[in-house]
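Input: a single structure, listed below in structure tokens.
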Amino acid sequence: MVIMPKTLANHLTALPTDSIINTSGNLDVLITAPFVESDADLQPGGVFIARKGRSVDGHAFIPKAIERGAA
């Protein structure tokens, strides 16, 4: 079975309508790797999910995720 990549816009439509989502950039980019919350786990073409945690704010790792090839 072949799984066809979806665009970021396709993925976002699957979220509940009351979700708070901040996006920037091209929502038509193809997602070819998993969604992750750790920039160390990010694969090129994947999506880095940045959120504020108890001790670390994931937003601080966005530049590193972009360097690693975040879609």
Side-chain angles (χ1 to χ4, degrees):
M1 179 167 122
V2 176
I3 298 174
M4 299 299 293
K6 292 183 179 181
T7 65
L8 182 55
N10 293 135
H11 286 287
L12 293 176
T13 61
L15 295 175
T17 56
D18 62 344
S19 295
I20 298 172
I21 304 168
N22 293 319
T23 60
S24 64
N26 181 4
L27 298 181
D28 291 326
V29 65
L30 285 178
I31 306 305
T32 59
F35 287 64
V36 297
E37 292 185 277
S38 168
D39 66 303
D41 295 335
L42 184 69
Q43 299 172 22
V47 174
F48 175 68
I49 299 172
R51 63 185 180 113
K52 192 171 185 176
R54 291 183 186 195
S55 60
V56 177
D57 186 347
H59 294 86
F61 299 95
I62 291 173
K64 188 70 160 182
I66 292 170
E67 285 178 21
R68 294 184 66 109

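Residue indices begin at 1 and follow the sequence shown.
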Worksheet item: Should L8 and I49 be counted in the same cluster of Ile, Leu, Val, Met, Phe, Trp and Tyr side chains packed under 4.5 Å apart?
Response: yes
Worksheet item: Which heavy atom of P44 sits nearest a heavy atom of A33, and at what distance?
Response: O-CB, 3.6 Å
Response to the item:
In short, ring pair (Phe, Tyr, Trp, His ring centres under 6.0 Å) pairs touching residues 28-49 with sequence neighbours left out are H11-F35
Worksheet item: Are V47 and L12 joined in one hydrophobic group, where the rule is that I, L, V, M, F, W and Y side chains link up if heavy atoms are under 4.5 Å apart?
Response: yes
Item to complete: For residues V29 and I31, determine if any side-chain heavy atom of one lies less than 4.5 Å from a side-chain heavy atom of the other.
Response: yes
Fill in: side chain to side chain donor-acceptor pair (under 3.5 Å) pairs, two or more places apart, involving residues 27-46
E37-R51
Could you pull out every donor-acceptor pair under 3.5 Å between side chains of residues 53-67 and any protein atom, sequence neighbours left out?
unit_1	atom_1	unit_2	atom_2	d
D57	OD1	H59	N	3.0
D57	OD1	H59	ND1	2.6

